[in-house]
Structures are given as structure tokens and as C-alpha cells.
Amino acid sequence: MTIIPLYFAIPLLAAFLIPVIGKFAKTFTWLFTTAVSFALFVIALYGVAAVQEFPLIVCKMGRWAPPLGIVMVLDAFSAFMALVISIVVFAGALFSYRYLSHYTGQWKFYTLYMLITAGMMGVVLTGDLFNMFVFLEIAAISSYALVAFGVDAEELEASFKYMVMGEIGGLTFLLAIALIYARTSTLNLADISNVMQMFGQTTFFWTVLGLMLFAFSIKAAFVPFHSWLPDAHPAAPAPVSSLLSGIFIKVLGIYTTARMVFNVFGLSRANAPMFFNILIVLGLLSITFAGLTALNQKDYKRLLGYSSVSQIGYIMLGFGIGNYYGVAGAIFFILAHALAKGLLFLTSGAVVHATGTRDLNKLAGLGEKMPTTAWSFRFGGLSLIGIPPLVGFWAKFWIILGALKAGMLWLAITAIVLSGLTLYYYLKIENSVFLKKGKVDAKPAPFTMRIAMVFLVVLIVVLGLGFQQVIDFVVGPAANALLRGLEYSQLVFGYVTTGF
Amino acid sequence: MRGMSLVVKVVTNIVVGFIFIYGVYIILHGHLTPGGGFAGGVIIAGALVLRILAFGVEPVSEKRAEERASAFESLGALLFIGIAFAGLIIGGAFFLNFLPQGTPLRLLSGGIIPLCNIAIGIKVGAGLFTIFLALAAIKYVMED
Amino acid sequence: MIAFLACIVLFLIGLYAIVTKRNLIKIVIGFALMEYGINLLFALIGFRHGSVAPIITQIDMPRRFVDPVPQALVLTAIVIALGTTALMLAVALRIYNRYKTFDIAEIRKLKG
């Protein structure tokens, strides 16, 4: 009996149970969703504990051995991503109860919410290329529907735009899969990695990698593929914005890119320095361009959307640096950004719920009326700017340390200077929404909303104080899992025989 | 949605049952011949859609039909995951084919594969029918 | 080789339609074309000369089969395409309902 199928089977089961029970009991549906999210959190914690012992755990679907059968592979990086997914999903589910009170058809929301969770869990766990595509599309289609959930004109338009971009990415990925299957006759990631190694870095190798990176860049919304994100993420209901910005783009864009580049195609700074430099350039481009655009946004959630594009750039920067500290920093940043951006979108939801607007010029004086929301916003913002001892500081610190160790002093300095952009646009929200005096009617956020926000604030502070443990047990092993590169395939085929 | 002419109604009355049975046949023989859960489900949905198109339906009963279809869709999905979980519980592996395999090329063979096909058939048939009804429902909103 | 290129061309025609057409429904048709291009490519990849369809009708058939894996992949891809197309059409119809037009140039509430 293995726990790995539970990661995606439990949310799938929940997703299809909700339509049956959801029409009769609204509160029960919410409780059920929250309970399932919490169960996922527990399973993910258990998974993180399990990968301390084994470097890699393989689960064969229906006992068919790879490369013929589909395998699920849990290594430290997958376990880490699953943990972050479950944290953001849990906070969002808690938050949804009161936020959704003015929407109709709530059970549809919870069904899609569980489907998107199942899709993301599947993407991070699968060891099969086509299976990854299927889970990716499950998550993506649910997210298109969730963005359009309000069925207002703006939301529909944002959803259509998002769908067009997202599907171009998805179909490009499918084309890359077709080309890979034509040349290698296999779909198992470990097996593909073996065959690719025999080819070496040929034109075919770079074509396929290029197509995949194009697809994942759209999903991750790097500049210049970002244009859908600032429309789509604000249009979704706040818990979904939090999920999409917090973890969705990282699972569909960053996780897939990192897994392909490091473990399947076996690239490292040593054998492809040019490629990693391109990643650094992409990262810097995202940070600067999206950061500057964020400065003159007048919409609370839209500003946060641009901020996500900008922060994704830091993650790419970390992977581009390519040494242990850089990669560990990037992975740490995934955690830090998921917590902080998830929290910030939840505060935006609380503000919208209380006032009905997200226009920065109309909002004012909420610092006194909504103290929990205001302080949550401050913690999230400070963590992203990189103020010690919050978790965001350590993440950025590790990336900068990586740049210094790689002898790229200019990059370290640029990264620090560009944090100024982050500082500037968070001060803008802080100033116009929470500090500025003004008369806007608002009640404090409801209890469940505050619980969700405080949960993330506590994690930001505690993980920041205990950063050494986070590095030792979670982030470090995840970075090593990526940096062991092509050993991945040997481990997958080697561990098949054990019965775990 | 209004119904069509008498000719269409009479012909539909005759063929709709055969189409439905054909869909069921395709689903049940999915492990032996081309086709299977998805193809059979599409045929079943085709029969249901044909009936609605020929005879027309009131908005109220269409709403009820959509709710029922979406309940059946969930049921199909639950059945499918249930089979997968049964493999996990009985044999210790997700999607394990835990039933006896039977004689090859007989109807009762393939272990859990026919059961999976039935689950997929229900899911796809009901799902496509739901999509049709949902898209038709948008038309009502527009006519208002 | 020509057949493979034709699939890629079909894919690119779909992409062209998505990029240049202004009608929402035509954009959805563009996606369908891209999808067909890839599905045909998959079917071609599995093709072997002098082989038959992978259907077993007798226990010991001394025949060569075409690769059945791409056919299974195509089926899955079709199901996914079905879901996306249905969702796209639903959203397009809803948009039509709000704006009374399918022209994207006239649907411009969001900037950038």
C-alpha cells in the first residue's frame, strides 16, 4: 500500500463527490473541501518525511513496470511542490466560505477548485510525459473556468484571452511530445532522458527543448509571454487568484521547466552555459519590465498580478545561476512567493469583500477598520521585499549568495537594486489603501477569512525564523534532487524493484 | 427549444432506441473491438441529443435534465476512481487489475477493463449531453 | 516526409488563424486545426509499412501491428480538445451575450 496515488486521487474523488452532495448542503461542501485540503497537507508532510529516507519513491500504476507502464515518482522536489500546493490550497479553501457568499452555484466552484488541485498534484508527481500533459490540461481547463466564474463581461474576456494563450502553450507542448515520441518511442521521463543522452545536444534536442520552454514560458507568464496574467488573475475570485498566482504558474511553468532542463535533458551550467545565461536574461527582463509596469497600476489585484510576473523572474534568475545556492534559492523563493503572494491576494479579497471595489484611488483608511487584513498585507509585502527575518529575505539571500559564489557580482547587485521596485509598489498599496485617511465603509474581515490570512502570516514568520531547518529538510534535498541531473533516470529504474 | 416536423419525430422515435443500444454495445465490447467507453458514450449522447432536437424541450425540464445528466457524469467518474481505489485496497497498487482475466476474446475477459469502459461510457455520455444542454441554455439567455 | 510536413503546415495554419482572425468563433476553429495537425502527426508516427490495425481477433495472429500507443494518445488528446473547445464556445457565446458581437476589436474592456 503506497500513499502516492492519494495525492491526486483524493482531490479527484472529492471533486466528483461534491456535485452529488453539494446541491443540498452548502456549508457541508465547504467543510468537506477544507477537510480534504487539510488531509492533503498531512499527506504532503508525510511525503516530505518519506523522501528524507529514500532519495526517490516510485509508484507503478497497476503494477506495470516502466517504461511500459505509467509511474508516479516522488522525489524531494516533488514532495516540496506538493507541500506548497497543499498549503496554498488549504488557505484558499478556508478563505472561500464567506467570500463566496454572494456567488451562485458554489458547488461548481468547489468542484473546479478540487480539480485544479488534482491537476497540479498530478503534474508534480508524474514520471510520464503524456501523463504530465493530461494533468496540466486538467489544471489549465479548470483554471480557465474559474477565471470566468463571475461571468461578468471583464471576467469572460480575461478568461478567453487566457484560454487562447494557455492553449497555444498546451498544444505546443503536445507537438513537442509528438516529436519526442517519434524519435525516442517512449514517454517515460527517465527513459527519454536515457535516449536523449545517446543523441547528445543535436538540433533535434534543442528544437524539442525550445518548443517545451516556449509552452512552459506561456504557462509561467515570463515577459514577453505575460500579457494574459494581469487580466486573468485579477478576474478570478480572490481564493482562486491566490491559488493561481501563488502556486499554479509555478507548477505549470517553473516546476515543469526545471524538471525537463535538469533531470530529463540533463543540462547544467557546466555543459550548456549559454542556455543558463538565457534564463538569467529572461529572469532580469521579467523582473524589470513587469516591475516597472506594476508601478503605475491603479487596480489592487492587477498590481499584484504584475508583481507575480516580476517575482517569477527571481525564480528564473536562481535557476539560471545554476549552482547549488542559486537553485536552492530559487526553490526557496517558490515557497516564499507562494506564501506571500497567496496572502496578498487573500487580503485583496478581504478588501473587495468589505468595500466592493479594488480601485486604489477609491480605497482609503482601511488600516484602522480592518487591522488583521492590514497587518497581513504588511507581513506579506515585507516578506516579498526581503526584510529579515521573514521567509522572503532568506530566499532572496540564497539567490544572491548563489550569484556571488558563481562570481557574478553585477548580478547580485542588480538583484538587490531591483528589490527597490518591489518596495516601491507595495508602499503604493500600503499608502493608498491602508494608511491614507479617508471615508470608506468597511467592516473587519469575517472570522474564517482572518484565520486563513493569519495561517499564512504565521508560516511566513515561523519559516523565516527557522530557515535553517527549512533549508536542511525541505529546500536543500529538493535542490539536490534537481542537481543530480541524469542520475534521476538510474534512480527511477533502480527503485522500481523495491516494494514501497 | 421547439420540436421539428412530424416526419422527423416519427423517424426519431424509431431510430433513437437502436442508436442507444448500439452505444451500449460499443461500450460493452470496448475491450474486444475498436471503440470503447469514449466512443460508445458519444453515441449514447448522440441519441439523447437527437431526441431533444426532434421533440423540443421546455426550459424548465431542460434544467432538470441538465442536473440529472451532471449527477450521472459525477457517478461515472466516481465509479472509475472507485475501481482504481479498489485496486489499491485489494491488491496494493492503484489501478491494479484485480479481477480474474477470463478467456481472451470472450465478453467476460480483461478483468477491470470492461468495468472501466462502462464507467467512462456513463461519464462521457452524460458529460457530452450536459455540454449540449449548457450551450443550448445560453441560447435562451440570449433570446430574452 | 511530405505527410509529416503537411501536419506541421496544418498546425501553422491554425496558429495563423488564431493570431490574425478577429472573430471569436474563427479563433476556436483555429484551435481545432492545430489540434488536428498534431493528431494526424501522432497517427503518422505510429504508422508502419505493411502493418495492420492493432486489433486482436484470433489468439495467435502472425501479423505486424502499427504502434498502438500514438492512437491511445490521440484519443486522450481528442477528449482534452473536446473539453477546451466546449469551454471556449461557452465563453464565446457568453461574451456575445454581453457585447452582441464576436469581433475582438470591439471587445476591449481590458487593456494591455
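Here is the naming used below: chain letters follow the sequence lines, and residue numbers restart at 1 for every chain. If you're wondering where the values come from, they're calculated on a predicted model, not measured in any experiment.
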Please name the pair of heavy atoms, one in [X] and one in [Y], separated by the smallest distance, quoted to 0.1 Å.
X	Y	result
A/Tyr181	C/Pro70	CE2-CG, 3.6 Å
C/Ala77	A/Leu174	CB-CD2, 4.0 Å
C/Phe31	A/Met163	CZ-O, 4.4 Å

Okay, side chain of C/Arg98, backbone of A/Leu156: is any donor-acceptor separation there less than 3.5 Å?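 Not a single qualifying donor-acceptor pair exists.
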Please flag which part of C/Phe11 lies under 4.5 Å from any non-hydrogen atom of chain A: side chain, backbone, both or neither.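 Interface part for C/Phe11: side chain.
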Need one label for C/Leu73: side chain, backbone, both or neither, based on atoms under 4.5 Å from any heavy atom in chain A.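 Contact with chain A involves both backbone and side-chain atoms of C/Leu73.
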How long is the span from the CE atom in C/Met34 to the CD1 atom in A/Ile168, to the nearest 0.5 Å?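 One finds 5.5 Å between CE of C/Met34 and CD1 of A/Ile168.
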Engaged part of A/Leu187 at the chain C interface, taking heavy atoms whose separation is under 4.5 Å: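 Only the side chain of A/Leu187 comes within 4.5 Å of chain C.
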More than 12 foreign heavy atoms under 6.0 Å from [atom1] of [X]: is that the case here?
X	atom1	answer
A/Lys428	NZ	yes
A/Tyr103	OH	yes
C/Tyr36	OH	no

Mind checking whether [X] and [Y] have side chains closer than 4.5 Å, heavy atoms only?
X	Y	answer
A/Tyr144	C/Met88	no
C/Ile80	A/Ile138	no
C/Val91	A/Tyr162	no

Find the one option among C/Leu87, C/Leu41, C/Ile104 whose heavy-atom pairs under 4.5 Å with chain A are most numerous.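 Highest number of pairs under 4.5 Å: C/Leu87.
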Using a cut-off of under 4.5 Å on heavy-atom pairs, state which of C/Leu24, C/Leu15, C/Ile18 scores highest against chain A.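 Most heavy-atom pairs within the cutoff with chain A belong to C/Leu24.
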